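Position 1 is the first residue of the sequence, and the numbers go up from there. Both ligands and their constituent atoms are indexed starting at 1 by order of listing. The structure displayed is predicted, hence computed values, not measured ones.
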Amino acid sequence: MKISAKTKFCIVVGDPIDHSLSPAIHNAAYKSLGIDDQFVYLGTNVKVENIEAVVKAMRNMKNFCGLACTMPHKIEVIKHLDEIDEIAKKIGAVNTVVNNNGVLKGYNTDWLGIVTPLEQIIKLKNKKVAVLGAGGAARAVVYGMILKGAKPTIFNRTVEKAQELGKEFACNGVGLDDVEGIKDFDIIINSTAVGMHPLENKTPIPTRFINESQVVFDIVYIPYETKLLREAKKKGAKTIHGIEMLLYQGTAQFELFTNHKAPVKVMRKILNKNFKL
Ligand code: NAP
């Protein structure tokens with residue numbers, strides 16, 4: 001390691017943060033490109049009420065070049081920044097902050113984590129997409145689908161939230177139990193917390209609505225393969241795991257932080273190793 005006073009640093013903040021794979025992924029990428037003397041990536045726990053202080057410190061620390069925000073900071077950080085990218089504004093959340101000589105600009109790369117792996121296997125234009133969930137992640141999903149010309153419908157446990165989000169993005173919002181029609185959708189994207197601990201033995205919708213002509217993307221990545229994906233595979237559907245979102249939101253963030261093209265294979269290798277794939 002050749003860290004010096006010229007080395008720039010990026011920090012991922014969240015609460016909790018210990019589980020974050022971002023430091024391992026980004027540092028491996030720096031090393032593979034031979035820029036690990038120029039950049040280092042760290043992580044630390046920050047309480048939501050302290051994000052303003054972190055942003056202030058960033059503005060005053062020239063080498064603090066990038067801030068990555070996970071839960072619960074993605075919305076709260078916005079009001080402390082100098083500029084917000086148009087996409088992040090529409091999604092209403094920031095997961096990436098870049099320091100341009102003390103001017104802090106917020107971006108959202110989560111939507112790329114959705115769109116990139118999907119476009120590798122299906123054209124999105126005019127496809128009917130069932131977006132399960134209406135929380136923070138679902139906002140990035142809906143944005144990405146609309147940008148790519150797909151036709152999303154939001155299905156959420158709290159129907160009012162589905163309707164509100166639907167109104168904002170000019171698409172339908174219905175209840176999560178209103179799923180009969182899902183069998184006619186081309187793509188199903190789970191962006192609820194169902195499938196993740198402690199709900200790992202549940203699926204967000206009954207899997208009898210899934211068939212072999214569909215693509216099922218579960219953005220939950222712990223466990224690596226959720227019950228929804230296991231059952232979708234059994235039905236012959238194409239499946240996309242949540243680590244794909246993790247990977248591609250990370251490659252986009254890497255490029256914003258470093259201005260270097262992200263070494264996708266290296267970053268994937270770290271993820272695979274972590275999930276023992
Ligand atoms: P959030 O804002 O808290 O939203 C949670 C969503 O899950 C809401 O729509 C909520 O419905 C729904 N939900 C929670 N428990 C449910 C249950 N028992 N039955 C039905 N619906 C339920 O969270 P988020 O930030 O959007 O994250 C959602 C999921 O995406 C999490 O599992 C997270 O780990 C995952 N995620 C993955 C990545 C990645 O890189 N792969 C990135 C971000 C997030 P209500 O509105 O009715 O409460």
Which of parallel (below 30°), tilted (30 to 60°) and perpendicular (above 60°) describes Y221 and F275?
-> perpendicular
Run the side-chain donor-acceptor check on residues 22-29: report pairs under 3.5 Å with partners two or more places apart or on a different chain.
residue	atom	partner	partner atom	Å
N27	OD1	Y41	N	2.9
N27	ND2	P23	O	3.0
N27	ND2	Y41	O	2.9

Give the protein residues with at least one non-hydrogen atom closer than 4.0 Å to an atom of ligand 1, ordered by chain and number.
-> G133, A134, G135, G136, A137, N156, R157, T158, K161, L176, S191, T192, A193, V194, M196, L199, I219, V220, Y221, G242, M245, L246
K161 bridged to E164 by N-O distance under 4.0 Å = no
Go through I205 and F155 one step at a time and tell me if the side-chain contact (heavy atoms from CB on, under 4.5 Å) criterion holds.
-> CA-CA 10 Å; I205 53 165; F155 296 80; over 6 Å; no
Would you please name every residue forming a side chain to side chain donor-acceptor pair (under 3.5 Å) with E160, sequence neighbours left out?
-> none
Here the salt bridge (charged side-chain N to carboxylate O under 4.0 Å, His left out) pairs for residues 123-148, sequence neighbours left out, are E119-K148, R139-E168
